[in-house]
*Asks:* 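Here it is, the structure in full.
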Number of protein chains: 2
Amino acid sequence: MATDKREYILDVAERLFAEQGFEAVSIRSISKEAHINIAMISYYFGSKEKLYEEIINRKLIPFEKIKQMSDTHASYFDKLMFIADVIVDKFFESRNFQILVFREMNLNQRTHMADFLIEHMQRNFLFISDIIKKGIRKKEFKNTDVDFTVMTLFAIIRMYTTSGMMICKLTNKASIDEVYDAKQKTKIKKFISDLFSAHLLTR
Amino acid sequence: MATDKREYILDVAERLFAEQGFEAVSIRSISKEAHINIAMISYYFGSKEKLYEEIINRKLIPFEKIKQMSDTHASYFDKLMFIADVIVDKFFESRNFQILVFREMNLNQRTHMADFLIEHMQRNFLFISDIIKKGIRKKEFKNTDVDFTVMTLFAIIRMYTTSGMMICKLTNKASIDEVYDAKQKTKIKKFISDLFSAHLLTR
DNA sequence: CAAATTTAATTAAACGTTTGTTTAATTCGC
DNA sequence: GCGAATTAAACAAACGTTTAATTAAATTTG
């Protein structure tokens, strides 16, 4: 069951990296938290940096699936909201990973990694931009700034899913778990729908 | 001119911390970049952590001024947009600082610092929440989710000002400078106004 | 099928660097 | 000539990684 152990180390390291940042987390703290020997990380992954790269690569989903599924929706608004819902779901279930990715994109450390992540982001960004542009052309949407609109979508979801402690305090929730329960997920989806409905739809 | 030198070290360190993160930046790299001896940082600030705390404390503005100034605006929407503009201005002129603050708020390192920053954020958050709630009560605003609305405002401004490299690539700008020029500042202010106008105002 | 052998997994210890900080000596400005 | 500023050198501690030895598992062999 070597893959199970590998996977477990990746999970533990992902959480620690998300909580403390890459350079603040030592090989020793990972091995202590995962109850393994220090040398096992070099043995399994080669180095701390390669471990980090594997953490990132294993969860970067191919966006193609979403593209296909969004085709089944009739209006551009429905397409857009379907994608928004998928992103919310994905972000909610991989919060540590998202914290890690967004932090990495804004660092000048490991620039090849940041560039790679930004390129990945760009593909998703362009796909959503495209939907909005088509919606505008077909007069389903108002003629608004497309870049800012897409950015707003990502900004809201990012803010909510990667700033848990902050949201917890700001919205007077009892615990982090309450910030990310099913009820809140429904609420943020509804909010996004309302916001973009008012912002985009011509009536 | 000891204060000038101090101030210069703070500026250099702030930039490096924003670019690379607290633990990735060494005392030696700061002193090299600022052309000073390693020992000068202990001499001036006591420790690396105290230097960091001073960087954060020196730019955390008192929000009271904004409160007073926003009183001069008649409608709640005007109040809100005045505050949004002030925040945009502030964030644009202190991007490195904002990068640093938001990163710190999402870290479990130095939790007393994170707690302090979140409390500071909470004051601003509550003030804006209050305006929106009053706007709703007076029927100037639609009855929308206040927390999510305020969060959206901060999320957009945060995303734009602290993810420069990403925005640069996503919006096909030639350079980072172009992302943060006066023209873009005007555009984002207008976008925010349009977005919240559609989202909040009863017509 | 059990013994022998090979491969894989795991360990404690040591490696050379780099870290933040301190010391004690020296230079500078008044 | 005196206090403040600046320096090079040294400090222990922690870092990521490697080593060589040991245990566990898998495979081959008789």
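Bear in mind that the values here come from a model prediction, so they are computed numbers and not experimental data. Proteins come first, then strands; the chains are lettered A, B, ... in the order of their sequence lines, and each starts at number 1.
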*Asks:* For the aromatic rings, using the six-membered ring if either is Trp, is the centroid distance between B/Tyr180 and B/Phe92 under 6.0 Å?
*Replies:* yes
*Asks:* Checking side chain to side chain donor-acceptor pair (under 3.5 Å) against B/Tyr52, which of B/Glu104, B/Glu14, B/Arg110 comes through?
*Replies:* B/Glu104
*Asks:* What is the distance, to the nearest angstrom, from the CZ atom on A/Phe45 to the C1' atom on D/dT17?
*Replies:* 16 Å
*Asks:* Are B/Phe125 and B/His120 an aromatic pair, judged by ring center distance below 6.0 Å?
*Replies:* no
*Asks:* Given C/dG20, C/dT10, D/dA5, which nucleotide is nearest the side-chain atoms of B/Ser26?
*Replies:* C/dG20
*Asks:* Is the closest side-chain donor-acceptor distance between B/Ser197 and B/Asp194 under 3.5 Å?
*Replies:* no
*Asks:* Hey, are A/Glu23 and A/Gln109 close enough side-chain-wise for a donor-acceptor pair under 3.5 Å?
*Replies:* yes
*Asks:* Tell me whether the guanidinium CZ or amine NZ of B/Lys48 lies under 6.0 angstrom from the six-membered ring centre of B/Phe17 and within 45° of its axis.
*Replies:* no
*Asks:* Could you encode protein contacts along nucleotides 21-30 of chain C as a string, one character per nucleotide from 5' to 3', using B for base contact, S for sugar-phosphate-only contact and - for no contact, with a heavy-atom cut-off of under 4.0 Å?
*Replies:* BBB-------
*Asks:* Does the ring-ring contact (aromatic ring centres under 6.0 Å, His included) test come out yes or no for A/His199 and B/Phe191, once each step is laid out?
*Replies:* CA-CA 10 Å; A/His199 173 58; B/Phe191 177 80; 5.3 Å; yes
*Asks:* To the nearest Å, give me how far apart OH (A/Tyr44) and C1' (D/dT17) are.
*Replies:* 18 Å
*Asks:* Contacts to DNA chain C from residues 8-24 of chain B, heavy-atom cutoff under 4.0 Å, which residues?
*Replies:* none
*Asks:* Take atom CE of A/Met40 and atom P of C/dT10, then tell me their distance rounded to the nearest Å.
*Replies:* 4 Å
*Asks:* Less than 3.5 Å apart, which donor and acceptor atoms pair up between the side chains of residues 159-167 of chain B and the rest of the protein, not counting sequence neighbours?
*Replies:*
| unit_1 | atom_1 | unit_2 | atom_2 | d |
| --- | --- | --- | --- | --- |
| B/Tyr160 | OH | B/Val179 | O | 2.7 |
| B/Tyr160 | OH | B/Gln184 | OE1 | 2.9 |
| B/Thr161 | OG1 | B/Ile157 | O | 2.6 |
| B/Thr162 | OG1 | B/Arg158 | O | 2.7 |
| B/Ser163 | OG | A/Asn106 | OD1 | 3.3 |
| B/Ser163 | OG | A/Asn106 | ND2 | 3.3 |
| B/Ser163 | OG | A/Arg158 | NH1 | 3.2 |

*Asks:* Between B/Arg6 (CZ) and D/dA4 (P), how many Å, whole number?
*Replies:* 15 Å
